[in-house]
Amino acid sequence: MNTKKFKKLINYIFQKEVLLIYQMGKVGSTSLEKSLENNNKYYTEHTHSLRAPIVFKMFKNFKSIKFYAPLKFIIIYKIGALIKKFIIKRKKIKIITLVREPISRNISMYFQDIHIPIFDVSILNDNRHEDKVNHTILHDFYFKKFNHYYGVNWMEEEISKNFGINVYEHDFNKEKGYGVITKGNVSILILKMEKLNDLKSEIQDFLCLKDLEIKKSNQAKEKWYAPLYKQFMENFHPSEDYINELYNTKYMSHFYTKQEIETYINKWKK
């Protein structure tokens, strides 16, 4: 264990109250973390999973995942997650988690680790021939190999299994875009990413903080892959079945209004 990780573990043990920014990835959490990094009230931890590495879950069908998430890495991650859960469950903990419209979230996640699909392109195709290596392959890999259901199942796989809280049994204000759940030593603030900039006061109230500024961070347009992302989106044409499978879910009906869902469906059908 390196020095940085050891210090984090010590902080976990001795800090009375922990703030966990705990979410499915590509939902604006980095912006939130940046906004809270100077607070002295909480020891803050940012994680996607207390079960298994998100990169493995999202890209498990790609051959090159074994280079980015080898078995040793997965085992160490799971041991670390067990230690975190053991410590956290004995403390007063506040959790901030976020939801996002699933297709946009999936595409952002796909490009966050686009090196994995690109690696698969290289090892599975003769990249000396343009007819075998082109932008169409990235679309094919997205639809055929990527785990599209990780996000819509995240609440059950992470919050429910790790903390025994079924978020779908609790109210969520779809119009305002937030909900608060308290059970035992755990308090959870659920935020809708699309409304994040309008929820400053709700975040401040939940954390008992003042003067919070939401800072935008980790945006695709600022990344090295921005031109590739732009071209991918220009030629992105999801099937009606794909759209319906993600939008006719408990996740969407709980966190989004009917009007919002219809707007998203119409957007992708165009």
Side-chain angles (χ1 to χ4, degrees), residues 21-30 46-78 80-81 97-125 135-162 167-168 190 193 218 220 223 225 228-229 232-233 235-256 261 264-265 268:
I21 301 176
Y22 180 36
Q23 40 62 49
M24 64 186 72
K26 304 310 295 180
V27 289
S29 60
T30 303
H46 185 186
T47 189
H48 300 304
S49 175
L50 290 173
R51 295 173 62 80
I54 185 174
V55 67
F56 175 74
K57 288 288 188 178
M58 299 300 305
F59 294 89
K60 60 184 179 180
N61 296 322
F62 288 79
K63 288 187 177 295
S64 55
I65 191 62
K66 64 184 178 182
F67 298 105
Y68 297 100
L71 181 60
K72 180 181 177 181
F73 168 74
I74 295 170
I75 292 172
I76 293 172
Y77 187 101
K78 288 190 173 185
T97 191
L98 300 97
V99 297
R100 181 183 180 184
E101 176 270 304
I103 296 181
S104 294
R105 183 257 163 203
N106 283 346
I107 296 170
S108 293
M109 192 72 242
Y110 185 65
F111 272 87
Q112 178 71 23
D113 292 298
I114 194 64
H115 50 282
I116 296 175
I118 289 174
F119 197 160
D120 261 35
V121 171
S122 295
I123 63 176
L124 296 176
N125 296 275
H135 290 281
T136 304
I137 290 177
L138 290 181
H139 287 91
D140 290 342
F141 280 3
Y142 172 83
F143 287 112
K144 294 176 181 178
K145 291 188 173 188
F146 188 71
N147 181 0
H148 303 278
Y149 306 100
Y150 180 84
V152 294
N153 294 327
W154 189 89
M155 292 291 176
E156 291 143 315
E157 289 296 315
E158 294 289 336
I159 300 293
S160 180
K161 289 184 178 179
N162 289 320
V167 301
Y168 299 114
I190 305 176
M193 193 201 86
N218 200 26
K223 299 294 184 72
Y225 54 71
L228 184 62
Y229 179 90
F232 181 93
M233 293 303 298
N235 296 284
F236 183 74
H237 305 294
S239 69
E240 190 167 336
D241 286 343
Y242 174 73
I243 295 169
N244 290 335
E245 283 178 8
L246 288 175
Y247 287 104
N248 294 331
T249 56
K250 180 165 53 176
Y251 171 90
M252 287 302 292
S253 62
H254 188 77
F255 296 116
Y256 291 86
I261 294 171
Y264 291 132
I265 288 175
W268 296 116

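This is a predicted model, so every value here is computed, not measured. For this chain, numbers begin at 1 and follow the sequence in order.
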Participant: What distance do Glu158 atom CD and Leu50 atom CG have between them, rounded to the nearest 0.5 Å?
Facilitator: 6.0 Å

Participant: Using a 4.5 Å cut-off on heavy atoms from C-beta on, say whether the side chain of Val27 contacts that of Val99.
Facilitator: no

Participant: Is any side-chain heavy atom of Asn61 closer than 4.5 Å to a side-chain heavy atom of Asn147?
Facilitator: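 No, every pair of side-chain atoms sits at 4.5 Å or beyond.
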
Participant: Is Asp120 reaching over with its side chain to a backbone N or O of Ser64, donor-acceptor style, under 3.5 angstrom?
Facilitator: yes

Participant: Less than 4.5 Å apart, side chain to side chain, heavy atoms only: is that true for Tyr264 and Ile103?
Facilitator: no

Participant: Do Glu156 and Tyr168 get their side chains close enough for a donor-acceptor pair, meaning under 3.5 Å?
Facilitator: no

Participant: What distance separates Phe146 CZ from Leu138 CG, expressed to the nearest 0.5 Å?
Facilitator: 13.0 Å

Participant: Report the residues that fulfil ring pair (Phe, Tyr, Trp, His ring centres under 6.0 Å) with Phe73, sequence neighbours left out, ordered by chain and then residue number.
Facilitator: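 So Phe73 forms no ring pair (Phe, Tyr, Trp, His ring centres under 6.0 Å) with any residue.
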
Participant: Enter the distance from Thr249:OG1 to His254:NE2 here, rounded to the nearest 0.5 Å.
Facilitator: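 With rounding to 0.5 Å, OG1 (Thr249) is 11.5 Å from NE2 (His254).
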
Participant: Under the side-chain contact (heavy atoms from CB on, under 4.5 Å) criterion, do His46 and Thr30 qualify, and how do the steps go?
Facilitator: CA-CA 9 Å; His46 185 186; Thr30 303; 4.1 Å; yes

Participant: Could you tell me whether the side chain of Glu245 and the main chain of Tyr247 form a donor-acceptor pair under 3.5 Å?
Facilitator: no

Participant: Give a yes or no on whether the backbone of Ser49 and the side-chain of Tyr77 come within a donor-acceptor separation of less than 3.5 Å.
Facilitator: yes

Participant: For Lys145, does the NZ atom sit with more than 12 other heavy atoms under 6.0 Å from it, leaving out its own atoms?
Facilitator: yes

Participant: Can you check whether Tyr229 reaches Ile114 side chain to side chain, under 4.5 Å on heavy atoms?
Facilitator: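 In short, these two side chains do not touch, never coming nearer than 4.5 Å.
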
Participant: Which distance, rounded to the nearest 0.5 Å, do you find between the CD of Gln23 and the CD1 of Ile159?
Facilitator: 10.0 Å

Participant: If you take all heavy atoms of Lys78 and Arg51, which pair is closest and at what distance?
Facilitator: CG-O, 3.2 Å

Participant: Quick check: Trp154 with Tyr22 (ring centres under 6.0 Å apart)?
Facilitator: yes

Participant: If you define the side chain from C-beta out and look only at heavy atoms, does anything of Met58 sit under 4.5 Å from Ile116?
Facilitator: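 Heavy-atom side-chain distance check fails, nothing below 4.5 Å.
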
Participant: Tell me, do Leu246 and Met252 make a side-chain contact under 4.5 Å, heavy atoms counted?
Facilitator: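 Leu246 vs Met252: side chains apart.
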
Participant: If you compare all heavy atoms of Lys26 against all heavy atoms of Met193, which two are closest, and at what distance to 0.1 Å?
Facilitator: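 For Lys26 and Met193, the tightest heavy-atom pair comes out as O-SD, 4.2 Å.
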
Participant: Mind running side-chain contact (heavy atoms from CB on, under 4.5 Å) on Val152 and Lys250 for me, showing each step along the way?
Facilitator: CA-CA 8 Å; Val152 294; Lys250 180 165 53 176; over 6 Å; no

Participant: Kindly give the heavy-atom pair with the smallest separation between Met24 and Ile54, and that separation in Å.
Facilitator: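 Taking every non-hydrogen atom into account, O-CD1, 3.0 Å.
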
Participant: Angle class for the Tyr142/Tyr110 ring planes (parallel below 30°, perpendicular above 60°, tilted otherwise)?
Facilitator: perpendicular

Participant: Do Lys60 and Ile65 have side-chain heavy atoms sitting under 4.5 Å apart?
Facilitator: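 When only atoms from C-beta onward are counted, Ile65 and Lys60 do not touch, as no gap falls below 4.5 Å.
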
Participant: Do Tyr68 and His115 make the cut of ring centroids closer than 6.0 angstrom?
Facilitator: yes

Participant: In terms of the angle between their ring planes, are Phe62 and Phe141 parallel, tilted or perpendicular, with boundaries placed at 30° and 60°?
Facilitator: perpendicular

Participant: Kindly compute the distance separating OG1 (Thr47) from CD1 (Ile21), expressed to the nearest 0.5 Å.
Facilitator: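 So the OG1 of Thr47 and the CD1 of Ile21 are separated by 11.0 Å.
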
Participant: List the atom of Arg100, the atom of Tyr251, and the distance in Å for their closest heavy-atom pair.
Facilitator: O-OH, 2.8 Å

Participant: Could you go through Glu157 and Asn153, starting from their C-alpha distance and side-chain angles, then the distance that decides it, and tell me whether this counts as side-chain hydrogen bond (donor to acceptor under 3.5 Å, both in side chains)?
Facilitator: CA-CA 6 Å; Glu157 289 296 315; Asn153 294 327; over 6 Å; no

Participant: What do you reckon, are the aromatic ring centroids of Phe143 and Tyr242 less than 6.0 Å apart?
Facilitator: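 Centroid distance Phe143-Tyr242: below 6.0 Å, so yes.
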
Participant: Can you see which heavy atom on Glu101 is nearest to which on Trp268, and at what distance?
Facilitator: OE2-NE1, 3.3 Å

Participant: Can you tell me if His139 uses its side chain to pair, donor with acceptor, with the backbone of Asn235 under 3.5 Å?
Facilitator: yes

Participant: For Tyr150 and Lys57, which heavy atoms make the closest approach, and how far apart are they?
Facilitator: CE1-CB, 3.6 Å

Participant: Got a second to check how far Arg105's CZ is from Leu98's CG, nearest 0.5 Å?
Facilitator: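 With rounding to 0.5 Å, CZ (Arg105) is 12.0 Å from CG (Leu98).
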
